[in-house]
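Here's the structure, in structure tokens; my notes come after.
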Amino acid sequence: MLENLPKTYNPKDFEDRIYKYWNDNGYFVAHIDENKTPFTIMMPPPNVTGSLHMGHALNNTIQDILIRWKRMEGYSALWLPGTDHASISTEARVVNKIKSEGKTKEELGREGFLKEAWDWTRKYGNTIKNQLKKLGVSCDWTRDRFTLDEGLSRAVEEVFIRLYEKGLIYRGDRIINWCPSCKTAISDAEVEHEDTKGSIWHIKYPIKDSHEFIIIATTRPETMLGDLAVAVNPNDERYKHLIGKTAILPLIDREIPIIADEYVDMEFGTGAVKITPSHDPNDFEVGERHGLGQCIIMNEDATINQNGGIYEGLDRYDARKKIVEDLKEKGYLVEVKDHDHAVGHCERCSTVVEPLISKQWFVKMEPLAKPALEAYEKGQLNFIPPRFGKVYANWLENIKDWCISRQLWWGHRLPVFYCKDCDEIMVTRTKPEKCSKCGSSDLYQDEDTLDTWFSSALWPFSTLGWPEETEDLKYFFPTDVLVTGYDIIFFWVVRMVFSSIEQMGEVPFKDVFLTGLVRDSQGRKMSKSLGNGIDPLEVIDEYGADALRFTLVTGNTPGNDMRFYMERVEANRNFANKLWNASRFVLMNLEEDISKHEFSFEDLEEEDRWILSKLNKTIKEATENLNKYEIGLAAGKVYDFIWDEYCDWYIEMVKSRLYKEEGASKKTAQKVLLYVLKNILKLLHPFMPFITEEIWQHLPDTKEALILSSWPTYREELNFQDSEKAIEFIKSGIKGIRNARAEMNIIPSKKSKQIFVTTDEEIKEILNKGQRYFLNLASADEVEIREDKEGIDEDNISVVLDRCEVYLPLKDLIDYEKEIERLEKEKEKLEGEIKRVVGKLSNEGFVKKAPEKIVQEEREKKTKYEEMLEKVIERLESLKK
RNA sequence: GGGCGGUUAACUCAGCUGGUAGAGUGUCACCGUGACAUGGUGAAAGUCGUAGGUUCGAGUCCUAUACCGCCCACCA
């Protein structure tokens, strides 16, 4: 029993043990059960070589709360975990690792490198999973998946082939974002735009066979090496006469045409734009329209290539510097102005990306985006909070094709084969024997791999065995809710939706719960470079997983960022300690035969009915909150019930019965204590799984594990409105007495021998039932409740309450000055209230238009306050005499 | 250039469909009382960013506006 344990809560003593107990007994494993409704969550797969951060802790806690709750509600709850191969990030780490060993990727070759990568994955792949276990995640580890698993790879190939055959995947020369550091193409979503203070250079381009110049403006002067035209707006009077003429590119003396294109904004810069089709998306389009061709001037590491003449070999920024110097020296530079503009950076390594033309593979997005948008518009996708729906829709409305090929080795290699002889493209799962066109057997596979998000886009169904028609897939798909950060709506949420609609014919989940960012106490983003990250594992080590979990889900709202404060974790640890000790108290006061009995309704006393009714209400409201994903509110209600109602009031009220009485009343108190505690543990379990299970295991008559127990439900027969009212009345009486005593500085150990309460008949009845509460809770030896004042010494302290007055015979202890002061304050307060109520009631509009109920309430308040004021004044007068 | 969020007690945040502002922490006073000092009791503390409007009544709805922050966007 618990009383043998240390009296302070020490989560380290049991958290690991409890996790093992659940896991070893298979309690996390989901079963296909046609008698149950499935409830499915797919865990957003963390990077396989990553480690746990607060973001993971937050969204996995939320998922765990939902899955534990639904499991208790009787659903067949599947929470499927897994990891992502994270192509670009993992590859970078492995490259670093082999670099530290003095080797390069190229030296190892593809196979050698992949071997290294797999070794790395096996070495670090379990780290994050073990860390997640510390958090208490109740996911089904028997269904653990990895995006590079055979099955998932098969799904990736299948989707690639299907989309290709439908014409939704194509290969082409397009301007893509090139990261010179990762040396791969990246998608638009992977580019982060950052406002940067830069310059804009105005440069003179001479006109051939003329002394005229045309002045262009550019923010990237080095790209002039690739200029193939100068463009002006066709309606621009300044330049009309130059259209069709030829300009001479300074420094390298290339002749380029001056063309007219609507794209040029006459208002901006000089109204003349250099056109570099290979290095700018707009210029690319202009180039296409005018048949300008291409001129690539950079290598894959962003140094200038042979097309750059004397600048060949220079890094792009060195080249810029040199070119500007040369232009200046030769008199072509007209002016330099400061210019702020957005510069794209690689999301992964922060290197400035270079837009350049490249042959890559793309997914044609429009046909896929349309149904994904419609699904949202038809209400098949529900965002929490709803505002993110607009973000989702807006992205889809402005969709561009998705560049999916990456010049990396770690990932799913494109199932694409080329014929060396005729360049035929063959998209098949395995390498064909012969070219389907010319019959040549000289074939090779595309070197590229797919964007990581291509495989994670399939996660909701590939993890269940698709393209096989598995039992799991039939039963658990579609999933119910996706829990993830708002920062990956574009990367992941959108792509899962359209992939699922395309392949499965329906949305992959009904609800999308978006979490905010966990920031440090100063509101900064937690980051490695700032060193301000708080390690969830350290928090768990110090305060326990339950306290961390509770901290992450309370006091904030979905989709809003939150600041992380150690003080809050500590407060929640204290809450756990409170529950721990309340449970110890209950166990210490139970008798052996308690387990055989449920309380009987006839034996219930007022406070029993009150706490049962309050519990009932808490169950109802917390469940409603959970149904609406109001996790923080649900947790808050359970917290308040446990601390404020159960610990602070019920336990205190019931003590006299446990200590002094014998028989039925005592027994009932024990039964109710236990009944409510059991329900508390159930209600709190999703939020604080460890401590609740640990306590539960020490309770009598708990055969099954708490994790498998049933979620409490509202019981109409436990709704005791009258008892609630009565106890609330008594509580206010006790509070009034305590308040008066505290203000008079009368310490509780100085008991009032006898308390007199004068009141009317109705209240007398209520108070009579609750007499004994005053004894313990208001420091009295004896309470006398009556309807008259006969024989009561008017010099005692008197507390004026609604419909009753309490006299505390503490004559020798009273400081009359203070008592008058206290009563004056009371008087002022009441007068204020009366003024407000009277104001309201004398407002004709209010009385006429407000609902009858509200008006009635105000009238009652008026009477009540006036009565109280009268008594207070009476007291004051008698004291001042 | 668009879009979104925040602005409530000293601090961090709740506040669902409009009806006398809440919590945690911190502060102050008192308390080792037989579950808990990781505790108990009590107290102080807010013109709910600003200005209008709708309403009998607005932190809550509408319109402006200020400040902070985020996202999206090809203006060279």
Side-chain angles (χ1 to χ4, degrees), chain A residues 2-3 7-9 175 193 200 216-220 223 231 263-265 267-276 280-285 339 341-342 344 355 385 387-388 390-391 394-395 398 486-487 489-490 516-517 521 523 543 547 551 554-557 559-565 567-568 570-589 624-625 628 630 632-633 636 639-640 647-648 651-652 655 659 735 738-743 745-749 776-777 779 833 836-837 840 843-851 853-855 857-858 861:
Chain A
L2 271 177
E3 62 261 47
K7 68 178 187 176
T8 49
Y9 155 74
I175 297 280
H193 291 279
I200 188 161
I216 58 89
T218 180
T219 54
R220 294 189 296 155
T223 59
Y263 151 72
V264 181
D265 178 356
E267 307 296 319
F268 190 87
T270 60
V273 190
K274 60 193 269 313
I275 300 296
T276 322
D280 182 279
N282 294 309
D283 293 9
F284 176 83
E285 280 172 28
H339 183 71
H341 60 142
R387 70 181 126 94
F388 286 108
K390 280 185 266 178
V391 177
N394 189 259
W395 166 268
N398 300 295
Y486 64 69
D487 52 334
I489 293 175
F490 307 136
L517 264 44
S521 58
Y543 295 104
T551 304
T554 50
N556 81 324
T557 253
N560 281 3
D561 294 355
M562 69 179 303
R563 297 189 191 203
F564 192 89
Y565 275 85
E567 290 88 335
R568 288 192 57 231
E570 197 178 326
N572 289 135
R573 188 274 317 265
N574 294 352
F575 169 61
N577 183 62
K578 186 78 183 173
L579 173 67
W580 181 267
N581 278 290
S583 306
R584 280 179 63 238
F585 172 82
V586 173
L587 284 164
M588 285 161 78
N589 286 285
E624 280 168 5
N625 287 139
K628 290 187 277 183
E630 292 165 348
L633 290 182
Y639 178 102
D640 289 343
C647 293
D648 286 351
I651 285 182
E652 295 306 325
K655 273 179 179 170
Y659 294 156
K735 280 182 188 169
R738 284 172 173 173
N739 177 321
R741 293 183 63 118
E743 289 203 10
N745 267 331
I746 298 166
I747 59 174
S749 58
N776 291 318
L777 303 184
S779 309
E833 292 298 322
R836 194 187 53 76
V837 177
K840 238 179 169 177
N843 179 341
E844 237 178 86
F846 174 75
V847 182
K848 265 191 201 158
K849 295 188 181 171
K853 195 181 151 225
I854 303 283
V855 179
E857 275 171 20
E858 291 300 320
K861 279 180 208 164

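Naming convention: chains lettered A, B, ... in sequence-line order (proteins, then strands); numbering from 1 in each chain.
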Could you check whether [X] gets within reach of a base, just the sugar-phosphate, or nothing at all, counting any heavy atom under 4.0 Å?
| X | answer |
| --- | --- |
| A/Gly271 | base |
| A/Asp265 | base |
| A/Glu857 | nothing |
| A/Lys274 | nothing |
| A/Lys848 | nothing |
| A/Pro355 | nothing |
| A/Asn739 | sugar-phosphate |
| A/Arg387 | sugar-phosphate |
| A/Ala571 | sugar-phosphate |
| A/Val264 | base |

Using every non-hydrogen atom in the two residues, find where [X] and [Y] come nearest and quote the distance to one decimal.
| X | Y | value |
| --- | --- | --- |
| A/Asn581 | A/Lys7 | OD1-O, 2.9 Å |
| A/Pro281 | A/Pro355 | CD-CB, 4.2 Å |
| A/Phe846 | A/Lys840 | CD2-O, 3.3 Å |

Taking atom [atom1] in both [N] and [M], what distance in whole Å separates the two?
| N | M | atom1 | value |
| --- | --- | --- | --- |
| B/G46 | B/C11 | C1' | 14 Å |
| B/G18 | B/G3 | P | 27 Å |
| B/U8 | B/C48 | C1' | 4 Å |

So do [Y] and [X] actually touch side chain to side chain, heavy atoms under 4.5 Å?
| X | Y | value |
| --- | --- | --- |
| A/Lys578 | A/Tyr639 | no |
| A/Tyr659 | A/Asn589 | yes |
| A/Leu579 | A/Tyr9 | no |

Nearest whole Å is fine: how far is [N] [atom2] from [X] [atom1]?
| X | N | atom1 | atom2 | value |
| --- | --- | --- | --- | --- |
| A/Leu579 | B/A35 | CG | C1' | 11 Å |
| A/Lys7 | B/U38 | NZ | C1' | 11 Å |
| A/Tyr486 | B/G5 | OH | P | 13 Å |
| A/Phe846 | B/G19 | CZ | P | 12 Å |
| A/Lys735 | B/G40 | NZ | P | 14 Å |
| A/Asn394 | B/C70 | CG | C1' | 15 Å |

Short N/O separations, protein against nucleotides 8-18 of chain B, under 3.5 angstrom:
| from | atom 1 | to | atom 2 | distance (Å) |
| --- | --- | --- | --- | --- |
| B/C13 | OP1 | A/Arg563 | NE | 3.1 |
| B/C13 | O3' | A/Gly555 | O | 3.4 |
| B/C13 | O2' | A/Gly555 | O | 2.2 |
| B/G15 | OP1 | A/Thr557 | OG1 | 3.4 |

Please list, chain by chain and in numerical order, all residues satisfying side-chain hydrogen bond (donor to acceptor under 3.5 Å, both in side chains) with A/Asn556, sequence neighbours excluded.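 Listed in chain order: nothing, the list is empty.
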Start with the C-alpha distance between A/Arg220 and A/Lys274, add both sets of side-chain angles, then the distance that settles side-chain contact (heavy atoms from CB on, under 4.5 Å), and finish with yes or no. CA-CA 10 Å; A/Arg220 294 189 296 155; A/Lys274 60 193 269 313; over 6 Å; no
I want to verify a distance call: between [options], whose nearest atom is closest to the [X] side chain?
| X | options | result |
| --- | --- | --- |
| A/Asn282 | B/C74, B/C36, B/G19 | B/C74 |
| A/Tyr659 | B/G24, B/A73, B/A35 | B/A35 |
| A/Ala850 | B/C56, B/A35, B/C4 | B/C56 |
| A/Tyr263 | B/A37, B/U20, B/A76 | B/A76 |
| A/His339 | B/A76, B/C74, B/G19 | B/A76 |
| A/Thr8 | B/A76, B/A35, B/U38 | B/U38 |
| A/Phe585 | B/A76, B/U38, B/A35 | B/A35 |
| A/Met588 | B/A35, B/U38, B/U20 | B/A35 |

Identify all stems in which RNA chain B takes part, counting only runs of at least 3 consecutive pairs (Watson-Crick or G-U wobble, each distance under 3.5 Å), and give each as one range with another, ordered by first number.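 Stems for RNA chain B, defined as runs of 3 or more consecutive pairs: B:1-7 with B:66-72, B:10-13 with B:22-25, B:27-31 with B:39-43, B:49-53 with B:61-65.
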Could you point out which residue of A/Asp561, A/Val391, A/Asn560 forms a side-chain contact (heavy atoms from CB on, under 4.5 Å) with A/Tyr486?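 Answer after filtering A/Asp561, A/Val391, A/Asn560: A/Asp561.
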If you compare every side-chain N and O of A/Lys578 against the phosphate oxygens of B/G40 (OP1, OP2), does one of them come in below 4.0 Å?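 True: A/Lys578 side-chain N/O within range (under 4.0 Å) of B/G40 OP1/OP2.
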Considering just the side-chain nitrogens and oxygens of A/Arg738, establish if one lies under 4.0 Å of OP1 or OP2 belonging to B/G42.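 For B/G42, OP1 or OP2 has a side-chain N or O of A/Arg738 closer than 4.0 Å.
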